[in-house]
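Data block below; observations after.
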Amino acid sequence: MSNKIIKIFDTTLRDGEQSPGASMNMEEKIQIALQLEKLHVDIIEAGFAAASPGDFEAIAKIADAVETSTVCSLARAVSRDIKAAGDAIATAKHKRIHTFIATSPIHMEYKLKMAPDEVIRRAVESVAYAKTFTDDVEFSCEDAGRSEMGFLKEILDAVIEAGATTLNIPDTVGYRLPNEIGIMIKELSDFVQERAIISVHCHNDLGLAVANSLAAIQNGARQVECTINGLGERAGNAALEEIVMTLKTRADYFEGYDTNIHTKEILLASKMVANITGISPQPNKAIVGKNAFAHESGIHQDGVLKHQETYEIMKPEDIGLNNADTIVLGKLSGRHAFSDKIASLGFNLSEEELNHSFERFKILADKKKEIFDDDLRAIITDEIVKVEQVYKLINLQINDCMNGVPSAALSVEFEDEIITDAGIGNGTMDAIFKTVDRISGIDGELTDYKVNAVTEGKDALARVVVKVIFEGNKPAVIGHGLNIDTMVASARAYVSALNAYLASKDTNRARARGGI
Ligand code: KIV
Ligand code: ZN
């Protein structure tokens, strides 16, 4: 029985961020990258360096912070992109450039308007240029799922010659069926042999991304590209947790295959990505959905109590789900119990983060009788992804939500001064956001607003995620707010978006001066 290690290439921070509404700020990306490292993913695709100064900086910061996983940047097959990618990952301990060009007839003719020969020439030049930054170069044939086999072999041969070490075969539009992917990967891996690693990158347009990735593994792929919670362009990518847990749970079938993933970190990664993006997996989502290990019917509950395996094919604890996820701490719990609990949830906080989180826990415990693990996860995530608070919400009062004119009075701290102002709006939320705009003198346009209850119960914490375009400058920035009161959470989210906007303006200014 040979041991075939399947490399897990996580693209939550790149393809996952392409999910509508999933953009993340730099701090958030760094936290997710650190969690991916704890999960032991082999490669973290940290972004697309040429896309914007913010993307570049986030990749560079991740390259600095991550020790063990390889840090990768995507680049189109153009020298400007490759240079940006190479510069962004420069400080990484292990670094990869992932360059791509489309190879299907439809993409070459209509999108690239390039002849096949020209596409091969560009691919070869790009791989050769990427090699000047790092030895580890991945080449992707975009829309390989609809490309001709003869052409794929020709271009793969050429890029291997130029130095590509991983060859990715994306089913970009999620068109292929598992059997077809299997046949395709078998033919390509027989052709490539040991000259490079074959990878797959499957989209989920027909709900087959995970099945297709598994079929590819069975037929010679040794790397799979995937995302936490299956985030990604359109219907998303193959879900990391589903691929990894299938290989583990059905080791009898996938005999000899394994990954380096530390599965106990899966749940934390999933919750962190959901908290940060505001996109929660559906309750019946495999592995990480809220109901994935819940037994509703009496017959099932009875069976599980008698013997867990009657209705459970995986152990919840293998993904980090602790069944003692009930009431954990209360207002009498001390700092020690709190910090033990935080560590058991997999967080590793600095002294300052721990102090702030403990303070917030105490405030919450005064208002909410039962504090659950999910409450703590929400507080900690909110704490560690916080950008510098140039503006800080100190106080909020709202009036006349139903019959009168909705109004809000806010106090905000700015440069050691407390500024108080009040305003009216079409609704309470509108009044709050307009008042923040007036205080800061910076106009914001709200483009997205999401609110979720962190746990069940009337006294649940509300988690608000907003997207705001300030001063007409796109893209929208994201802000988070967490509070037992939805209006306070909303005000916090809006102020946090404002702070994120100011931080990104500083970054852009520094880049323009050549500081970054
Ligand atoms: O779906 C796709 O083809 C991609 C490539 C850039 C790998 O995301
Ligand atoms: Zn993709």
Side-chain angles (χ1 to χ4, degrees), residues 7-20 22-23 41-51 55 59 70 72-78 80-82 84-85 88-89 96-108 110-112 119 122-123 126-127 130 136-148 151-152 155-156 159 164-176 181 184-185 188 196-210 212-213 216 221-240 243:
K7 289 190 186 203
I8 298 294
F9 176 114
D10 181 280
T11 181
T12 307
L13 297 174
R14 197 278 298 169
D15 212 317
E17 206 199 13
Q18 289 171 219
S19 295
S23 50
V41 307
D42 299 280
I43 301 109
I44 299 172
E45 188 163 53
F48 183 177
D55 281 56
I59 299 169
T70 295
C72 170
S73 169
L74 185 67
R76 286 169 301 179
V78 292
R80 186 183 79 87
D81 278 27
I82 293 166
I89 58 169
R96 174 179 294 189
I97 294 179
H98 174 195
T99 184
F100 73 99
I101 193 162
T103 51
S104 63
I106 186 169
H107 275 230
M108 290 193 286
Y110 294 103
K111 188 183 81 172
L112 298 177
V119 168
R122 187 77 87 68
S126 304
V127 169
D136 187 350
V137 174
E138 172 171 335
F139 174 75
S140 279
C141 309
E142 192 192 6
D143 204 18
R146 294 187 298 170
S147 301
E148 286 163 4
F151 185 62
L152 284 178
I155 197 164
L156 292 183
V159 295
T165 43
T166 301
L167 307 174
N168 186 35
I169 312 297
D171 183 22
T172 302
V173 290
Y175 177 71
R176 287 288 162 205
I181 289 277
M184 190 177 177
I185 296 298
L188 289 174
I197 287 178
I198 297 279
S199 164
V200 279
H201 173 113
C202 297
H203 277 272
N204 205 29
D205 298 67
L206 294 173
L208 294 170
V210 170
N212 285 349
S213 306
R222 291 293 170 266
Q223 174 180 288
V224 280
E225 303 198 353
C226 44
T227 57
I228 302 292
N229 298 342
L231 284 186
E233 185 84 37
R234 302 182 312 279
N237 288 74
L240 179 150
I243 294 174

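One-based numbering, in listed order, for ligands and for the atoms of each.
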| request: Using distance alone, with no hydrogens and no angle criterion, decide if Asp143 and Thr172 have a side-chain donor and acceptor under 3.5 Å apart. | output: no
| task | Identify, for atom 4 (C) of ligand 1, the protein heavy atom at the shortest distance, and state residue, atom and that distance. | result | His201 NE2, 3.5 Å
| request: Compare all side-chain heavy atoms of Ile43 with those of His98 and state whether any distance is below 4.5 angstrom. | output: no
| task | In plain terms, say whether Glu142 and Lys111 are close enough for a salt bridge, that is, a side-chain N and a carboxylate O under 4.0 Å apart. | result | yes
| message | So is His98 touching ligand 1 or not, going by heavy atoms under 4.0 Å? | response | yes
| message | Quick check against the 3.5 Å criterion: does Thr99 have a side-chain atom that pairs as donor or acceptor with the backbone of Phe139? | response | no
| Who's the nearest protein heavy-atom neighbour of atom 3 (O) of ligand 1, and how far? | Thr172 OG1, 2.6 Å
| request: Go around the Zn ion (ligand 2) and count every protein N, O or S atom nearer than 2.8 Å. | output: 3
| task | From the options His203, Arg14, Arg234, Glu225, select the one whose nearest heavy atom is closest to atom 6 (C) of ligand 1. | result | Arg14
| Ser140 neighbourhood, listing ligand 1 atoms whose heavy-atom distance to it stays under 4.0 Å | 7 (C)
| request: Any atoms of ligand 1 less than 4.0 Å from a non-hydrogen atom of Asp15? List them with their elements. | output: 8 (O)
| Is there a donor-acceptor pair closer than 3.5 Å between any side-chain N or O of Asp10 and the backbone N or O of Thr12? | yes
| query | Taking Asp15 for the side chain and Thr227 for the main chain, is one N or O donor matched with an acceptor at less than 3.5 Å? | reply | no
| query | For ligand 1, which atoms, with element, lie under 4.0 Å from some heavy atom of Glu142? | reply | 3 (O)
